[in-house]
Amino acid sequence: MSVSAPAVVRGDGTTTASRVRSRWRRSRGPLLILGLLVIGALLALLPTPRTSNRALAPDNPGATGGRAVAQILQHQGVQVQQVTTRAAAIEAATSGSTLLVIGDANLTQDDVAALAASAADLVLVDLDWSTDQFIPGVQPGWGTSTPSTRTASCAESDASAAGTITARRWLWVDPATAARTCFPDPSDPTSATVAVLDGTRDVTVLADGYPLRNDALVEAGNAAFALRVLGHHDHLVWFVPTAGAPAPAGGLSMWDLMPPWVLAATLQLAVVGLAAAFWRGRRLGPVVSEQLPVVVPSAETTRGRARLYRRSRAYGRAAAALRAGTALRFGARLGLPRSATGPDLADAVARATGRPVEQVSALLYGPPPTNDQGLVNLAHELDRLESEGHRS
Amino acid sequence: MAITRRAVGLMALGVVPALLFPVPLTVLAWSLLVLAACALDAALAASPRQVAVQRDVPGSVRVHQPATSVLTLTHTGPRRLRAVVRDAWPPSALITGERTAVPLLGVLTPRSRVDLAPGEGVRVRTAVRASRRGDLVAPFVAIRTVGPLGLAGRQARVPLVGRLRVLPEFASRRHLPSRLARLRELDGRAAVQVRASGTEFDSLREYVDGDDVRSIDWRATARRGDVVVRTWRPERDRRVMVVLDTGRTSAVRVLDAPRIEASIEAALLLSALAGRAGDRVELLAYDRRVRTRVAGASGAGLMAAMAEALAGVEPTLVETDWPGAAAQVRQRLSQRALVVLLTAVDPAVAEAGLLDVVARLSERHQVVVASVADPELAELRVGRDDAGAVFDAAAAEREGLEHAAVAMRLRRRGVEVVEALPADLAPRLADTYLALKAAGRL
């Protein structure tokens with residue numbers, strides 16, 4: 001054993017510059033990925049012209065959308081403001097503006113009452129249940145799946161200017177109503193497509209929104225009618241009610257309900273958590289690996305052979321092995337020579353155990369079992385035979 | 001760069017200003033303050049790269065024998081050095097008692113705190129205890145310095161490689177005294193006074209009742225006028241060749257340790273015994289090539305050479321080339337010798353060459369095949385739980401039968417077959433050696 005003077009090592013052979021270089025080399029990949037992610041996120045946040053697919057929404061460019069009307073109105077100098085909540089609609093719809101309401105399926109009774117009290121001119125489209133709360137005596141009627149062309153037949157200026165429009169649904173009008181009705185079904189005097197109630201502000205009920213749709217605007221006088229009805233004022237509030245619970249007034253968040261120090265303390269604790277992670281995460285040098293010996297389970301070849309027997313249903317081979325083992329042990333115990341024949345052994349075993357020779361012979365040299373149960377039974381029988389041999 | 005517990009505590013202290021001025025800006029300001037303090041502290045800390053490190057380890061230790069690795073640190077930098085030092089031995093070598101278990105944080109490997117003024121030096125000791133044979137390697141020394149504020153510091157890994165040779169445990173040496181006593185008995189025993197082959201004349205002594213009359217030396221009796229008998233002693237200077245199989249079967253785990261460990265124990269005990277008995281012992285570890293070899297060592301140097309040679313022997317997952325091994329044996333042995341093959345009597349292996357090779361060897365030499373038995377086979381053999389267990393039992397039974405057949409064929413050729421559980425193999429092999437020696441069959 002040679003004992004040489006142990007080597008002295010100082011430092012790790014790096015300089016500040018080389019460490020900076022290697023750190024830069026190691027971190028530039030992740031930094032690049034991080035940068036790309038940040039740029040992507042910023043791009044996603046850029047104000048892009050958003051579109052929706054809600055029916056008759058002013059930002060829906062599809063067939064059932066209302067973007068065509070909205071854009072034409074904007075080009076004509078009308079300011080179109082899209083709102084989705086009642087609060088915003090009431091706030092925006094001041095006197096001297098038009099409030100367009102698309103459907104009442106997502107409105108509550110309160111909403112309807114609030115809208116009816118609005119000072120703005122109202123244009124109501126696709127109402128299902130609240131029509132008579134805006135114009136008493138008018139009810140939504142039946143409809144057809146295909147649009148029909150209707151003639152104005154009234155003195156209303158917007159309607160007569162348009163001449164004809166196409167629509168699918170009807171309004172049912174009580175003859176006693178104060179409203180003027182237009183575009184009736186010639187065969188049914190109680191029907192109409194448009195009902196207008198004048199007052200301090202106009203209320204117009206349109207049986208359905210079909211004439212405003214992007215794909216139907218070119219039909220008949222739809223465009224003229226739509227632009228005239230919606231273009232009375234410079235300001236159009238386009239209210240598309242949304243489903244779901246409206247946010248409570250004021251938009252309270254979780255933090256508004258707690259004292260202000262909770263937010264600050266939580267932030268501080270999060271920072272402490274980060275620091276603790278860095279404290280514990282930085283290890284004093286890398287993990288030293290162990291040189292472990294290779295693991296070869298014992299008896300794996302034996303188990304493999306057993307599985308082969310089982311898969312090929314080799315009951316004969318398995319039984320032969322069990323019988324040979326028993327025979328060998330009996331032979332050794334009873335002092336038989338290795339050259340002893342089967343009958344000799346059966347005789348000797350029968351004498352040692354006190355069983356009939358035929359039984360012993362069948363057990364040791366009988367036909368092989370043909371199923372799992374037979375094999376298990378044979379194994380147990382052989383065990384019993386051996387234990388009887390022990391007692392003698 | 002690394003921060004300390006104190007830095008985390010300082011950060012936690014930021015809760016107080018956050019409660020007094022509950023706006024997010026307070027948190028940001030405090031965090032930046034702590035960050036700046038940590039950066040300053042790290043900048044002011046002594047450089048861990050200005051420490052000269054030297055490691056002193058014993059040349060070799062036995063398995064489970066504690067040793068101490070001594071690091072000598074000399075501070076060559078200009079600032080006071082406060083640091084934590086880790087001597088990076090593998091976790092299994094670090095003594096459990098010295099590990100520190102920290103609640104919630106797990107177990108820390110041992111590390112030492114040092115505090116050095118410029119130019120000072122200190123020794124740092126780490127207790128190690130190997131649990132496996134082979135080379136224990138500590139690839140580096142890690143040093144983390146802490147700045148004057150105790151908030152943060154710098155860290156470096158000094159590539160100082162430490163190597164500790166771990167020799168076999170030789171746990172079977174506890175059997176050595178009893179076997180040596182038997183050997184001494186053998187030396188002067190009356191029974192060997194019967195002239196047998198392979199014994200040599202020792203001395204004359206007076207006749208006592210019970211001595212074999214055939215051993216009376218009549219010529220000396222006539223000269224002395226007293227009945228004198230000749231005594232004999234076992235022959236000395238016989239050659240013993242231990243061949244250790246390092247092939248596939250030696251890797252098999254028997255009772256949670258590879259088979260080769262038991263074989264090595266047996267080889268060591270046999271060598272110690274044969275060395276004391278005056279025989280010349282050689283060792284060969286072989287699978288498809290020579291893994292290690294001990295030849296020409298004797299006396300006190302024998303066991304040291306054996307331990308050193310066997311320290312680095314590892315099982316390889318290849319089939320052993322028995323004809324090649326036999327060629328190596330023949331090359332070394334010119335006269336009759338005891339050849340001990342430490343392997344597994346695996347029927348498949350035996351068919352693949354072991355039987356022929358052993359037959360050829362046993363024509364000239366006394367061959368002993370020593371094999372580690374697998375207790376799991378016996379367990380499998382009595383399984384009766386279900387059909388699967390019975391199939392296992394049948395396979396084990398078949399294996400046992402083939403095994404017995406191979407052993408029988410070996411014995412018929414005059415080969416001694418020793419099979420024992422791992423703990424018993426070494427004493428059983430030693431007993432076989434003594435029996436062969438007593439019978440003069442070496």
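Residue numbers begin at 1 in each chain, while the letters A, B, ... track the order of the sequences.
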Engineer: Measure B:Leu160 against the heavy atoms of chain A and call it side chain, backbone, both or neither at under 4.5 Å.
Structural biologist: both
Engineer: Given a strict heavy-atom distance threshold of 4.5 Å, which part of A:Pro297 is in contact with chain B: side chain, backbone, both, or neither?
Structural biologist: backbone
Engineer: Shorter than 4.5 Å, heavy atoms on both sides: which option in B:Ala12, B:Gly14, B:Ala88, B:Ala152 has the most such pairs with chain A?
Structural biologist: B:Gly14
Engineer: Could you tell me which portion of B:Leu136 (side chain, backbone, both or neither) has an atom closer than 4.5 angstrom to a non-hydrogen atom of chain A?
Structural biologist: neither
Engineer: Taking every non-hydrogen pair under 4.5 Å, which of A:Val272, A:Asp372, A:Leu284 racks up the most with chain B?
Structural biologist: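 Most pairs with chain B among the choices: A:Leu284.
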Engineer: In terms of side-chain heavy atoms, does B:Arg154 have a donor or acceptor partner in B:Ser47 at a distance below 3.5 Å?
Structural biologist: no
Engineer: Using non-hydrogen atoms and a 4.5 Å limit, figure out which bit of B:Leu401 sits close to chain A: side chain, backbone, both or neither.
Structural biologist: side chain
Engineer: Search all heavy atoms of B:Leu19 against all heavy atoms of A:Ala265 and return the closest pair with its distance.
Structural biologist: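 For B:Leu19 and A:Ala265, the tightest heavy-atom pair comes out as CD2-CB, 4.3 Å.
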Engineer: Using a 4.5 angstrom heavy-atom cutoff, name the option from B:Glu379, B:Met1, B:Glu314, B:Arg248 with the most pairs to chain A.
Structural biologist: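 Maximum pair count with chain A is reached by B:Met1.
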Engineer: So which part of B:Asp392 gets closer than 4.5 Å to some heavy atom of chain A, the side chain, the backbone, both or neither?
Structural biologist: both
Engineer: Please classify the contact between B:Val382 and chain A as side chain, backbone, both or neither, with a heavy-atom cut-off of under 4.5 Å.
Structural biologist: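 When you check distances to chain A, no heavy atom of B:Val382 falls under 4.5 Å.
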Engineer: Quick check for you: among B:Met408, B:Arg86, B:Arg157, which has the greatest number of heavy-atom pairs under 4.5 Å with chain A?
Structural biologist: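 Going by pairs under 4.5 Å, I would pick B:Arg86.
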Engineer: Tell me yes or no: between the side chains of B:Glu376 and A:Ser298, is some donor less than 3.5 Å from an acceptor?
Structural biologist: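 Present: a donor and an acceptor within the cut-off.
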Engineer: How close do B:Ala307 and B:Leu167 get, counting heavy atoms only, and between which atoms?
Structural biologist: O-CD2, 3.6 Å
Engineer: In terms of heavy-atom proximity below 4.5 Å to chain A, should B:Val53 be classed as side chain, backbone, both, or neither?
Structural biologist: both
Engineer: For each of B:Met11, B:Arg144, B:Arg49, tally heavy-atom pairs with chain A at distances under 4.5 Å, and name the one with the top tally.
Structural biologist: B:Arg49
Engineer: Looking just at side-chain N and O atoms, do B:Trp89 and B:Thr126 make a donor-acceptor pair shorter than 3.5 Å?
Structural biologist: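 On atom types as modelled, these side chains do not qualify, holding no pair under 3.5 Å.
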Engineer: Measure distances from B:Ala251 to the heavy atoms of chain A and classify the residue's part below 4.5 Å as side chain, backbone, both or neither.
Structural biologist: both
Engineer: Give, as side chain, backbone, both or neither, the part of A:Leu269 having an atom under 4.5 angstrom from any heavy atom of chain B.
Structural biologist: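 The answer is the side chain of A:Leu269.
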Engineer: Is there a salt bridge (Lys or Arg N to Asp or Glu O under 4.0 Å) between A:Glu381 and A:Arg384? Walk through the geometry before answering.
Structural biologist: CA-CA 5 Å; A:Glu381 284 294 319; A:Arg384 215 165 296 140; 2.8 Å; yes
Engineer: By the definition side-chain contact (heavy atoms from CB on, under 4.5 Å), identify the one residue from B:Val57, B:Val51, B:Val141 that meets it with B:Leu71.
Structural biologist: B:Val141
Engineer: Evaluate the side-chain proximity of B:Arg384 to A:His380: yes if any heavy-atom separation is below 4.5 Å, no if none is.
Structural biologist: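 In contact.
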Engineer: I'd like to verify something: which residue of B:Ile143, B:Asp385, B:Val158, B:Leu377 has the highest number of heavy-atom pairs under 4.5 Å with chain A?
Structural biologist: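 The candidate making the most pairs under 4.5 Å is B:Val158.
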Engineer: Among residues at least two apart in sequence or on other chains, which ones pass salt bridge (charged side-chain N to carboxylate O under 4.0 Å, His left out) with B:Asp135?
Structural biologist: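 So B:Asp135 forms a salt bridge (charged side-chain N to carboxylate O under 4.0 Å, His left out) with B:Arg165.
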Engineer: Give the member of B:Arg133, B:Glu399, B:Arg5, B:Arg259 that has the highest number of heavy-atom pairs under 4.5 Å with chain A.
Structural biologist: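 If we count pairs closer than 4.5 Å to chain A, B:Arg5 comes out on top.
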Engineer: Can you say whether A:Arg323 sits under 4.5 Å from chain B via the side chain, the backbone, both, or neither, judging by heavy atoms?
Structural biologist: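 Neither part; nothing is under 4.5 Å.
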Engineer: If I take atom CG from residue A:Leu328 and atom CG from residue A:Leu336, how far apart are they, to the nearest 0.5 angstrom?
Structural biologist: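 Those atoms lie 10.5 Å apart.
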Engineer: Relative to chain A, which segment of B:Pro24 carries a heavy atom at a distance below 4.5 Å: side chain, backbone, both, or neither?
Structural biologist: both
Engineer: For A:Arg283, is it the side chain, the backbone, both or neither that has a heavy atom under 4.5 Å from a heavy atom of chain B?
Structural biologist: backbone
Engineer: Judged by modelled atom types alone, do A:Thr14 and A:Arg19 share a side-chain donor-acceptor pair under 3.5 Å?
Structural biologist: yes
Engineer: Select one option (side chain, backbone, both, neither) describing which atoms of B:Arg381 are under 4.5 Å from chain A's heavy atoms.
Structural biologist: side chain
Engineer: Which bit of A:Pro259 is near chain B, if near means a heavy-atom gap under 4.5 Å: side chain, backbone, both or neither?
Structural biologist: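 Answer is neither: A:Pro259 stays 4.5 Å or more from chain B.
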Engineer: Measuring heavy-atom distances to chain B, does A:Gln373 have an atom under 4.5 Å in its side chain, in its backbone, in both, or in neither?
Structural biologist: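 Looking at A:Gln373, nothing touches chain B.
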Engineer: In terms of heavy-atom proximity below 4.5 Å to chain B, should A:Ala319 be classed as side chain, backbone, both, or neither?
Structural biologist: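 Neither; nothing under 4.5 Å.
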Engineer: Please step through salt bridge (Lys or Arg N to Asp or Glu O under 4.0 Å) for the pair B:Glu402 and A:Arg305, ending with a clear verdict.
Structural biologist: CA-CA 13 Å; B:Glu402 288 172 0; A:Arg305 185 193 288 220; 3.1 Å; yes
